[in-house]
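Computed from a predicted model, the values in this text were never measured in an experiment. By convention here, the first residue in the shown sequence is residue 1.
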Amino acid sequence: QVQLVESGGGLVQAGGSLRLSCAASGRTFSTYTMGWFRQAPGKEREFVAAITRGGSRTSYADSVKGRFTISRDNAKNTVYLQMNSLKPEDTAVYYCAARESALLSTHNFNYAYWGQGTQVTVSS
């Protein structure tokens with residue numbers, strides 16, 4: 001099992017940047033495929049990015065390609081989401097998720113472990 005805690009959210013102006021962090025507990029972090037999802041008020045949760053166990057492959061939603069970068073540091077049990085050129089439409093609660101499969105997934109039901117979320121608000 002793994003426990004996840006997100007941090008780094010906040011209020012920024014459009015065009016600004018934020019880096020989200022997801023700290024994991026346990027000794028098996030490197031065995032998990034990791035993902036980031038987000039949910040805005042009144043909206044369904046949507047996929048943002050995912051990264052394989054060793055960080056060799058990544059996947060991004062079309063809406064964030066070229067602006068967001070997912071990475072991980074297995075020695076620190078942490079996954080990151082660097083967000084640049086932020087837009088008001090990026091405003092949401094961002095969730096870190098983990099799954100035991102080695103395969104990337106854009107579907108939230110494939111992730112068994114979730115953090116509590118961190119709020120990102122982008123003003124115009």
Side-chain angles (χ1 to χ4, degrees):
Q1 294 187 323
V2 61
Q3 293 178 306
L4 308 172
V5 180
E6 302 95 334
S7 63
L11 174 64
V12 299
Q13 295 185 132
S17 298
L18 283 175
R19 187 176 76 162
L20 305 184
S21 297
C22 175
S25 64
R27 299 181 179 181
T28 59
F29 176 72
S30 62
T31 69
Y32 293 94
T33 295
M34 302 297 297
W36 286 97
F37 293 78
R38 66 187 183 186
Q39 187 167 23
K43 304 291 185 180
E44 295 185 349
R45 182 168 48 190
E46 66 174 349
F47 169 77
V48 176
I51 188 167
T52 51
R53 292 170 172 176
S56 60
R57 290 184 58 228
T58 58
S59 180
Y60 297 94
D62 288 342
S63 60
V64 306
K65 285 182 179 178
R67 299 190 299 120
F68 291 10
T69 302
I70 188 172
S71 62
R72 68 191 297 164
D73 186 341
N74 288 344
K76 296 182 178 180
N77 279 18
T78 303
V79 63
Y80 304 95
L81 184 68
Q82 178 66 47
M83 305 185 294
N84 299 325
S85 301
L86 284 163
K87 305 174 181 179
E89 65 192 71
D90 295 318
T91 295
V93 176
Y94 283 70
Y95 297 92
C96 176
R99 85 193 214 99
E100 295 176 339
S101 173
L103 301 178
L104 293 175
S105 176
T106 63
H107 302 112
N108 63 70
F109 58 78
N110 284 137
Y111 293 81
Y113 308 102
W114 294 83
Q116 82 291 339
T118 185
Q119 177 71 47
V120 172
T121 303
V122 184
S123 64
S124 59

- Query: Please, which pairs that meet disulfide (SG to SG under 2.5 Å) have at least one residue in residues 45-88, sequence neighbours excluded?
  - Reply: none

- Task: Check side chain to side chain donor-acceptor pair (under 3.5 Å) between Thr121 and all other residues, then give those that pass, not counting sequence neighbours.
- Result: Gln119

- Message: Which residues end up grouped with Val5 if you chain together Ile, Leu, Val, Met, Phe, Trp and Tyr wherever their side-chain heavy atoms are less than 4.5 Å apart?
- Response: none

- Task: For Lys65, enumerate each residue passing the side chain to side chain donor-acceptor pair (under 3.5 Å) test, keeping only those at least two apart in sequence or located in another chain.
- Result: Asp62

- Query: When Ile, Leu, Val, Met, Phe, Trp and Tyr are grouped by side-chain heavy atoms lying under 4.5 Å apart, directly or through other members, which residues fall in the same group as Leu103?
  - Reply: none

- Would you list the pairs meeting side-chain hydrogen bond (donor to acceptor under 3.5 Å, both in side chains) in which at least one residue belongs to residues 5-14, sequence neighbours left out? Glu6-Gln116

- Only pairs at least two apart or in different chains count here, so list each ring pair (Phe, Tyr, Trp, His ring centres under 6.0 Å) that has a residue in residues 42-88. Phe37-Phe47

- Item | Partner residues of Glu46 under the salt bridge (Lys or Arg N to Asp or Glu O under 4.0 Å) criterion, sequence neighbours left out | Arg38

- Message: Could you work out, with side chain to side chain donor-acceptor pair (under 3.5 Å) as the rule, every residue matching Ser105, not counting sequence neighbours?
- Response: Asn110

- Message: Run the side chain to side chain donor-acceptor pair (under 3.5 Å) test against Asn84 and tell me which residues pass, sequence neighbours left out.
- Response: Ser17, Gln82

- Who pairs with Arg19 by salt bridge (Lys or Arg N to Asp or Glu O under 4.0 Å), at least two apart in sequence or on another chain? none

What side-chain donor-acceptor pairs closer than 3.5 Å can you find for residues 48-55, not counting sequence neighbours?
from: Thr52; atom 1: OG1; to: Ser56; atom 2: N; distance (Å): 3.3
from: Thr52; atom 1: OG1; to: Arg57; atom 2: N; distance (Å): 3.0
from: Thr52; atom 1: OG1; to: Arg57; atom 2: O; distance (Å): 3.3
from: Arg53; atom 1: NE; to: Thr31; atom 2: O; distance (Å): 2.6
from: Arg53; atom 1: NH2; to: Thr31; atom 2: O; distance (Å): 3.3
from: Arg53; atom 1: NH2; to: Glu100; atom 2: O; distance (Å): 2.3

